[in-house]
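Naming: A, B, ... by sequence-line order, numbering from 1 per chain.
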2 protein chains.
Amino acid sequence: MSVRDWLPTPVQAAGIERALAVGETLFRVGAPTIGLYEIVAGKVRLARVDHSGREAILYTATAGDTIAEASLFMSTYHCDAIATTDAVVRLYPKAAILAEFERNPRAAQPFMAMLARQVMNLRTRLEQRNIRSARDRLRHYLAINVRSDGRTVELKGTVKDIAGDIGLTHEALYRTLAQMAVDGEIKRLDGKIILLQPV
Amino acid sequence: MSVRDWLPTPVQAAGIERALAVGETLFRVGAPTIGLYEIVAGKVRLARVDHSGREAILYTATAGDTIAEASLFMSTYHCDAIATTDAVVRLYPKAAILAEFERNPRAAQPFMAMLARQVMNLRTRLEQRNIRSARDRLRHYLAINVRSDGRTVELKGTVKDIAGDIGLTHEALYRTLAQMAVDGEIKRLDGKIILLQPV
DNA sequence: CGGCGTTTTGAGAGAGCTCAACATCGGTGG
DNA sequence: CCACCGATGTTGAGCTCTCTCAAAACGCCG
């Protein structure tokens, strides 16, 4: 879901791009909030430093992600944002966004819809992680991501990416895919998986 | 975060309570959306039926949770909601909510803030699940939930509940807690954990 | 006092992780 | 056109850690 789909057009135009070198700080705990960021390229991690000085990662944002949405409604940031790789981000100023919501209340709806959908999606992925078995977890993934035809799953990204998404090592996922193919539960095509034996 | 904190007061008054017997359906895929629900008591699961007729659970909501926020912006529900136990839910009609947002755009802000905070929280919990080691995962949990003094973690609910939240069996969590206490990394008090050795 | 849920410790097994090696595929540059 | 390189894809073998199953102590409430 791109920023274009939910951020009011006037605000999109107000985006300010900025490049970050690896290790560079985007914002820190306690800093006054100036807006939310879209990650254009690279990776940025949100983290908090614990009592012993180690950092606890809250989230690792990659290209296309938006971070600090909650900053719109808070006066200071509640975590650190640091570039994990060289990165490019785009700042959408809080003032511009809130002003636009004020001016045109309808503009807030796509924003709310995006957030609500994201909550749903994240809850689902969290539920997925409660499944221990690699095979059942993969089945869950496939069931969720199946096309409307009920049999085709389009793979976006590499298998390795998917492994990361569902919380398995890529080796475990490869093995599971191979096994399920042998068992005739799925068929693998280029960039696609076909679900077989609909019972 | 209670409904009282973010749902416009007029809408709260419009809540319609309903009791569900175990197994009873609250709504089904494709049914026209009529609003979002607060779970007052019991458990309700959101699920989708996959191609082989098995159901893939998207989320299990418990007392205090809100479900189907995204339904405000869609015309039909995209999953089934079924009572996993006897339950009581409260319906907040979509029409009332959207009308209130229209009438008083400011009222949408707490709603957006709640959603944004939830996204943050869920992302963090998902990141937590990427940590394999029970000890490190617990450390992450403690770092996130530590009081502002940096040394005290208030335990809400039983240890068993926490085990479920962070995706460990209660046995594994008890063992890890015991080990960390022996190692002098933490001290356990009634309903609290004190973090020691700040390096 | 009895019953139920939480807390706690034990022992064993299994599943996925880790490390490792190799194949495959695209892209790059000589 | 071919050699090289990096990333993805694939399979093997062993190990560790958590899960699972079990049992018992504890505390709370009726």
Quick note, Glu171(B) side chain, CB onward, closest among dC17(C), dT20(D), dT7(C) is dT20(D)
Among dT20(D), dT18(C), dG9(D), the nucleotide that comes nearest once only the side chain of Thr169(A) is considered: dT18(C)
How many whole angstroms separate atom CD1 of Ile131(B) from atom P of dC17(C)? 15 Å
Under 4.0 Å from OP1 or OP2 of dG9(D): is there any side-chain N or O of Tyr174(A) that close? yes
For a quick check under 3.5 Å, do Lys94(A) and Thr33(A) share a side-chain donor-acceptor pair by atom type? yes
Which part of the nucleic acid, if any, lies within contact of Arg137(B), taking any heavy atom under 4.0 Å across all strands shown: a base, the sugar-phosphate backbone alone, or nothing? nothing
Between Asp80(B) and the options Arg48(B), Arg45(B), Arg28(B), the side-chain hydrogen bond (donor to acceptor under 3.5 Å, both in side chains) test singles out Arg28(B)
Over how many whole Å does the gap from Asp190(B) atom CG to dG27(D) atom P extend? 11 Å
For a quick test of reading the model: is some side-chain N or O of Arg188(A) closer than 4.0 Å to OP1 or OP2 of dT10(D)? yes
Between the side chains of Ser52(A) and Arg54(A), is a donor N or O closer than 3.5 angstrom to an acceptor N or O? yes
Integer-rounded Å distance: dG5(C) P and Lys160(B) NZ: 8 Å
Separation of Ile162(A) atom CD1 from dT8(D) atom C1', in whole Å? 13 Å
Quick note, Ala134(A) side chain, CB onward, closest among dT9(C), dT7(C), dG16(C) is dG16(C)
Could you check which of dG10(C), dT7(C), dG9(D) has an atom nearest any side-chain atom of His170(B)? dT7(C)
Here the distance between atom C1' of dG16(C) and atom CG of Asn130(B), to the nearest Å, is 15 Å
Which of these nucleotides, dG16(C), dA11(C), dG9(D), is closest to any side-chain atom of Ala172(A)? dG16(C)
Atom of Arg132(A), atom of Leu168(B) and distance for their closest heavy-atom approach: NH2-C, 4.3 Å
If only side-chain N and O atoms count, and only distance matters, is there a donor-acceptor pair under 3.5 Å linking Tyr141(B) with Gln128(B)? no
In whole angstrom, what separates Arg132(B)'s CZ from dC19(D)'s P? 13 Å
Considering only side-chain heavy atoms of Arg175(A), which listed nucleotide, dT7(C), dT11(D), dT9(C), is closest? dT11(D)
Roughly how many Å is it from CG in Leu177(A) to P in dT8(D), rounded to a whole number? 16 Å
In whole angstrom, give the distance that lies between atom CG of Leu173(A) and atom C1' of dA15(C). 15 Å
